[in-house]
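A, B, ... follow the sequence lines: proteins, then strands. Residue 1 opens every chain.
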2 protein chains.
Amino acid sequence: MREHVAPHRIPDRLKERPTWLLGQAAARASSLLAAGFAEHGDGLRGYHYRLLVALEQWGPESQADLGRDTGIDRSDVTAALGDLEALGLVERTVDPGHRRRKIVSITESGSATLRRLDVVLDDVQEEFLAPLSAAQREQFVEIMLLLNDQRATGS
Amino acid sequence: MREHVAPHRIPDRLKERPTWLLGQAAARASSLLAAGFAEHGDGLRGYHYRLLVALEQWGPESQADLGRDTGIDRSDVTAALGDLEALGLVERTVDPGHRRRKIVSITESGSATLRRLDVVLDDVQEEFLAPLSAAQREQFVEIMLLLNDQRATGS
DNA sequence: TGCCAACATTGGTGTCACCAACAAAGGGAG
DNA sequence: CTCCCTTTGTTGGTGACACCAATGTTGGCA
């Protein structure tokens with residue numbers, strides 16, 4: 001369930017550190033997410049959701065492209081797609097013009113599941129952001145985008 | 001090294017989600033952290049740093065208290081302290097008045113290591129926050145504190 | 001005295017991220 | 001047409017972090 005128990009008291013040296021605060025917040029978010037998925041998500045996890053989202057938005061795609069688009073390693077894509085295929089949420093067909101490649105597409109059932117997961121995520125999100133005002137939520141998104149842009153170009 | 005490769009393109013459904021953005025940012029931070037520790041940290045990890053910080057701030061403590069203060073599970077505390085003790089950064093002595101309990105204290109060498117790790121962390125932090133203005137950094141901390149306060153009282 | 005709680009430890013589980021190696025398939029240079 | 005290089009999917013393993021269950025020891029309390 002990933003409860004992530006809060007520390008009783010927090011050392012000054014950590015308390016002041018933005019990266020520490022960020023990690024704590026992310027831990028809380030992922031805890032809520034895991035709880036929500038465990039309750040209403042048929043045992044699906046973050047990887048599964050990400051893959052379904054990408055497939056619904058961009059349509060059938062090869063596994064390698066899927067991995068690049070979602071930032072998930074090829075090997076993890078293979079494993080997660082295996083789960084999704086076993087549940088009938090996704091189909092794999094060999095690319096006729098490229099027999100080494102497999103084209104993955106989302107099924108009707110997959111789309112329906114995705115819509116259900118979206119609702120779960122909306123609820124979790126709302127719970128997570130509850131302490132923030134509308135203005136603070138905007139600041140939050142703005143700052144996160146800046147930090148993530150840095151990531152895309154950095155290193 | 002935990003490079004955490006950035007996705008090429010990001011689904012709208014994810015891109016808009018604060019929790020997704022948060023997760024991405026946290027992944028970047030932890031990636032930078034891991035890289036810094038790998039390079040200048042004698043193979044120490046987050047758990048070790050947290051424990052050293054708590055010990056330096058609050059002095060000798062039992063392992064159970066240490067776990068509660070840092071939010072680390074008792075079993076993980078035991079393992080991490082084993083590493084620290086092997087490196088001579090920490091000492092475990094039996095509590096005279098409570099023979100089942102072990103009092104952990106940081107050594108001279110431990111304090112020196114901690115100071116070195118602090119520098120590493122400062123650098124990483126600066127790199128991570130580089131894209132933010134001073135005002136945005138304040139907003140960031142404020143928002144994170146709100147989210148974490150919620151965590152302390154929530155659920 | 002007997003029971004219960006706390007402590008340290010061992011040994012698991014699960015999630016996410018990542019890496020190495022491999023065979024199958026295709027593409028390009030010579 | 002070969003040889004080489006790359007891409008693709010797959011298998012299997014690693015590491016960090018968070019968490020749980022069970023066990024033996026110890027102390028406090030009723």
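- Going from atom CG of A:Asp73 over to atom P of D:dG9 covers 13 Å, rounded to whole Å.
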Apply side-chain contact (heavy atoms from CB on, under 4.5 Å) to the pair A:Leu114 and A:Leu89, showing each step before the final yes or no. CA-CA 9 Å; A:Leu114 179 55; A:Leu89 309 180; over 6 Å; no
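- The base of C:dA24 is paired with the side chain of A:Arg100 by a donor and an acceptor separated by under 3.5 Å.
- Distance from the side chain of B:Arg50 is smallest to D:dA18 among D:dA18, C:dC7, D:dG27.
- When rounded to the nearest whole Å, the span between CD1 of A:Ile103 and C1' of D:dT7 equals 13 Å.
- Rounding to whole angstrom units, CG of residue A:Leu33 and C1' of D:dC17 are separated by 17 Å.
- Counting atom types as modelled, A:Ser75 pairs a side-chain N or O with a base atom of D:dG12 as donor and acceptor under 3.5 Å.
- Screening residues 76-86 of chain B for salt bridge (Lys or Arg N to Asp or Glu O under 4.0 Å) gives B:Arg45-B:Asp83, B:Glu85-B:Arg92 as the qualifying pairs, with residues at least two apart or on separate chains.
- Following rounding to the nearest Å, B:Arg45 (CZ) and D:dT14 (C1') show an atom-to-atom distance of 13 Å.
- Residues satisfying the side chain to side chain contact (heavy atoms under 4.5 Å, CB included) criterion with A:Ser111, sequence neighbours excluded, are A:Glu56, A:Ile106, A:Arg115.
- Remark: A:Asp122 pairs with B:Arg17 by the side chain to side chain contact (heavy atoms under 4.5 Å, CB included) rule, at least two apart or across chains.
- Atom NE2 of B:His48 and atom P of D:dA18 are 13 Å apart (whole Å).
- Contacts of A:Arg74 with the nucleic acid, taken as non-hydrogen atoms under 4.0 Å apart, include base atoms.
- Evaluation of the side chain to side chain contact (heavy atoms under 4.5 Å, CB included) rule for B:Ser75 yields B:Asp73 as partners, not counting sequence neighbours.
- Atom pair A:Arg101:CZ and D:dT6:C1' shows a separation of 12 Å (rounding to whole Å applied).
- Below the 3.5 angstrom threshold, one finds no donor paired with an acceptor across the side chain of A:Ser62 and the base of D:dG9.
- Distance, B:Leu44 CG to D:dG15 C1': 15 Å, rounded to whole Å.
- When the side-chain nitrogen and oxygen atoms of B:Gln63 are compared with OP1 and OP2 of C:dT9, one or more of them lie within a distance under 4.0 Å.
- When the side-chain nitrogen and oxygen atoms of B:Arg99 are compared with OP1 and OP2 of D:dG28, none of them lie within a distance under 4.0 Å.
- Across C:dC7, D:dA18, D:dG9, the shortest atom-to-atom separation from the side chain of B:Tyr47 is found for D:dA18.
- Listed by residue number, B:Arg92 are the residues of residues 81-98 of chain B with a heavy-atom contact under 4.0 Å to DNA chain C.
- For A:Gln136, the side chain to side chain contact (heavy atoms under 4.5 Å, CB included) partners at least two apart in sequence or on another chain are A:Leu132, A:Ser133, A:Gln139, B:Glu142, B:Ile143, B:Leu146.
- Between the NZ atom of A:Lys102 and the C1' atom of C:dA25 there is a distance of 13 Å, given to the nearest Å.
- For A:Arg100 and A:Asp95, the salt-bridge test fails: no basic side-chain N is under 4.0 Å from an acidic carboxylate O.
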